[in-house]
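Worksheet: one structure, shown below.
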2 protein chains.
Amino acid sequence: MVTLADVARHAGVSSSTVSYALSGKRPISHETRTRIEQAITDLGYHPNAGARALAGKRSHIIALVVPLHPQVHVPTMMEIAIAVTVAAREHGYDVLLLTNDEGPEGVRRVAATGLADGVILMDVRLDDDRIPVLRAQEIPAALIGLPDDPTGLSCVDHDFATAGALCADHLADLGHRDIAFIGYSSGVYRRHAGYAERTLNGFRARAERRDLRFLHRPCEGTYESTAGTLARILADRPDTTGFVVQNEAAIGPLLSLLRASGRTVPEDASVIAICPEAMAEQHSPRLTSVTGPKKDLGQVAVDQVMARIAATTAGEQPDDQLLLMPPELVVRESTAPAPRRL
Amino acid sequence: MVTLADVARHAGVSSSTVSYALSGKRPISHETRTRIEQAITDLGYHPNAGARALAGKRSHIIALVVPLHPQVHVPTMMEIAIAVTVAAREHGYDVLLLTNDEGPEGVRRVAATGLADGVILMDVRLDDDRIPVLRAQEIPAALIGLPDDPTGLSCVDHDFATAGALCADHLADLGHRDIAFIGYSSGVYRRHAGYAERTLNGFRARAERRDLRFLHRPCEGTYESTAGTLARILADRPDTTGFVVQNEAAIGPLLSLLRASGRTVPEDASVIAICPEAMAEQHSPRLTSVTGPKKDLGQVAVDQVMARIAATTAGEQPDDQLLLMPPELVVRESTAPAPRRL
DNA sequence: TTGTACGCGTTATCAG
DNA sequence: CTGATAACGCGTACAA
């Protein structure tokens, strides 16, 4: 293995000079700098990560904790994970993947051993048991999701309440009066996943203000459960003309079932989905949707941890950030004015 | 920070004794062992990862390289990633997530800096440019996928050729004569993703032996592209009664479209999917499918890298493993004997 | 602008 | 069974 000392010898300088040349923490004359660079490529030097972590007290690694049995949409999760990884690299950081089966202990472990300089938590529950660990370890952290007490933490999430409200407004504007909200499986609501509750609350509040009658139905998302859900909705409220879907998996089945029941979208029924754009574009008809912002949550979370790491390194108290990113309503082909009552 | 020396002092032993007590690399008397354990919990000691990596020459980290813009099914990818992470933990290893936008350079980087002790590559192409790097760096590696030259490497993948053959056999056994194979988007075939080609070849060979007439059509998987694909198939071969689908995204649309065209599954048309079991169960009717084995590819890949790391550590030449895991045909509700010709 | 020298926390060798 | 002690490779305060 080629060490920094080897490079120093080859370039005829001291090892500290090489170190500083690499870190840029003090000025180096143009000449010695080029000699050092030459030596580095000649020898094929790569700094040793372990030694760097030991001496520098920073591992240049952040941990990303992903849910083990994701109730959330997996591709969305993966997209965030990838965005985190790419964004971290731009800060010279690598990403350690942790699954939630280690539980809070996993977070404690990577923090206490110094394996990670910071942590990003996905799929945060309102009362999340990993949060006390973050506080106790005083490790820089960012949450993707919103716990019920975010003090001392940086958080980022979609503004799901607004997303719900946008759906209600859009359907109300089109003259729909009876709306069905098809949500995630009931387990998600029971687990107190914040996003599900917040969407529903935002929708409910706006729906009431706009004098909408509505039904909320959890749904597993399989074809059969969606069929059951839809049947119950139509039995309970035959006049339902507007559908809001938050369960990505239920979208395909729902469209299929509406068609099968003789209802044409959007002439007989309007459907609005809370989902990524790509998914909205993929269906037929293309779906009117409420979608998160362009700038990825993962990217924001990385910026937040980096800010906290920087502050901690500087001996300062990092300040808490709380970012709820506004969603956008994109009108496509699946919503239209409510049909006239017969 | 609590160090090993602190523990030693507190327990009244030398630091080397503590180190050995933890690693188990030499016998420790029961009494001192308990004193040490006591001290560790009293002080809340956690070994420092950087120091461990530096002194021990092993980081206890493996890198997992995931595709950036996955042409493959994302949930399947995520499942593998999670399986890798869990399996690695059981060996005392953590997983570093690398995306492919760093290209071969990313692999070089983590290997050369000693950040990772081993590498697992996903979405391996037949002629993959990361493989030369693995060979040059002599880093323990396992590939999920099959390159055209696997010498010096350990590989694991589904036996896609057999999967294709099983599909052909099952439909032939049921008396179908005209089959359509709906595959991944054409880009996948152009990229020489081994799995797509191998499935098709396996299917083709068996289909010819069984005197089947068949059509292969790439498909993007959106509702509209699937509609186009199906229309072309039925125009070209109106007598087609059997469908093999390898594109997960196309399954939902295909079922929907067959229904819309007045064809009942399985009475008028049989559909067999090459996909995970959960997905096959999710559709209506539940799909006859060819599915990978229970034991996860990720788990196997981890075992393979661990074996190579162990061999390398012992100064031995690791032996190459090549594991093609046999798929299973599960008959469900979507296939039936071919309809009589009218 | 450059060099010297020490410390980071563990592992492993060599004595006892 | 246990203790000293020398690496491991790099960062940085201090000195020049």
Side-chain angles (χ1 to χ4, degrees), chain A residues 1-37 39-40 43-61 92 109-115 117 313-315, chain B residues 1-37 39-40 43-61 92 109-115 117 313-315:
Chain A
M1 148 172 271
V2 183
T3 75
L4 188 147
D6 296 330
V7 174
R9 215 173 355 255
H10 191 90
V13 298
S14 80
S15 51
S16 64
T17 303
V18 178
S19 178
Y20 283 117
L22 287 171
S23 70
K25 289 191 179 175
R26 80 182 186 190
I28 303 287
S29 76
H30 186 67
E31 198 215 315
T32 57
R33 154 150 284 137
T34 43
R35 281 229 309 291
I36 289 173
E37 280 163 1
I40 286 178
L43 303 178
Y45 167 74
H46 292 271
N48 178 278
R52 210 156 84 99
L54 178 56
K57 302 189 176 318
R58 291 202 278 118
S59 65
H60 297 273
I61 289 177
R109 186 173 61 82
V110 297
T113 59
L115 221 197
D117 297 336
T313 305
Chain B
M1 148 174 273
V2 182
T3 75
L4 187 148
D6 296 331
V7 174
R9 212 170 359 251
H10 190 90
V13 297
S14 80
S15 52
S16 59
T17 304
V18 178
S19 178
Y20 283 115
L22 288 171
S23 69
K25 289 189 181 173
R26 79 183 186 191
I28 303 287
S29 76
H30 186 68
E31 199 216 314
T32 58
R33 154 150 285 136
T34 43
R35 280 230 308 292
I36 289 173
E37 279 163 1
I40 287 178
L43 302 178
Y45 167 74
H46 292 272
N48 179 278
R52 208 155 86 99
L54 177 57
K57 303 191 176 316
R58 291 202 278 119
S59 66
H60 297 271
I61 289 176
R109 185 173 62 82
V110 296
T113 60
L115 220 197
D117 297 336
T313 305

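A note on names: the letters A, B, ... follow the listed sequences, proteins ahead of strands, and every chain is numbered from 1. Since we're looking at a predicted model, the values are computed, not measured.
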Side-chain N or O of A:Thr17 versus OP1/OP2 of C:dT2: is the shortest distance under 4.0 Å? no
Could you tell me the boundaries of the chain A footprint on DNA chain D, defined by atoms under 4.0 Å from its heavy atoms? D:dG9 to D:dC14
Taken to the nearest whole Å, CG/B:Leu22 to C1'/C:dT11 is 12 Å
Using a 4.0 Å cut-off on heavy atoms, which residues in residues 44-58 of chain A reach DNA chain C? List them by number, or say none. A:Leu54, A:Ala55, A:Lys57
Could you identify which residues of residues 28-35 of chain A place a heavy atom less than 4.0 Å from some atom of DNA chain D, listed by residue number, or say none? none
Determine all donor-acceptor pairs shorter than 3.5 Å in which one atom belongs to a side chain in residues 17-24 of chain B; sequence neighbours excluded.
{"unit_1": "B:Thr17", "atom_1": "OG1", "unit_2": "B:Ser14", "atom_2": "OG", "d": "3.1"}
{"unit_1": "B:Ser23", "atom_1": "OG", "unit_2": "B:Ser19", "atom_2": "O", "d": "3.4"}
{"unit_1": "B:Ser23", "atom_1": "OG", "unit_2": "B:Lys25", "atom_2": "N", "d": "3.3"}

Presence of donor-acceptor pair under 3.5 Å, side chain of A:Ser16 and base of C:dT4: yes
Base, sugar-phosphate or nothing for B:Gly114? Non-hydrogen atoms, less than 4.0 Å. nothing
Closest non-hydrogen atoms of B:Ile61 and A:Ile61, given as atom of the first, atom of the second and distance, are CD1-CD1, 4.2 Å
Value in whole Å for how far the P atom of C:dT13 lies from CZ of B:Arg26: 11 Å
Sorted by position of nearest nucleotide on DNA chain D, 5' first, the leading residue of B:Gly12 and A:Ala5 is B:Gly12
Rounded to the nearest 0.5 Å, the CG atom of A:Asp6 sits from the OG atom of A:Ser15 at a distance of 10.5 Å
Not counting sequence neighbours, which residues clear side-chain contact (heavy atoms from CB on, under 4.5 Å) with B:Ala55? List them please. none
Classify A:Ser19 by what it touches in the nucleic acid, base, sugar-phosphate, or nothing, heavy-atom distance under 4.0 Å. base
Nearest heavy-atom neighbours spanning A:Gly12 and A:Arg35: O-NH2, 3.9 Å
Would you mind writing out the side-chain donor-acceptor pairs for residues 43-53 of chain A within the sub-3.5 Å range, not counting sequence neighbours?
{"unit_1": "A:Asn48", "atom_1": "OD1", "unit_2": "A:Gly50", "atom_2": "N", "d": "2.9"}
{"unit_1": "A:Asn48", "atom_1": "OD1", "unit_2": "A:Ala51", "atom_2": "N", "d": "2.8"}

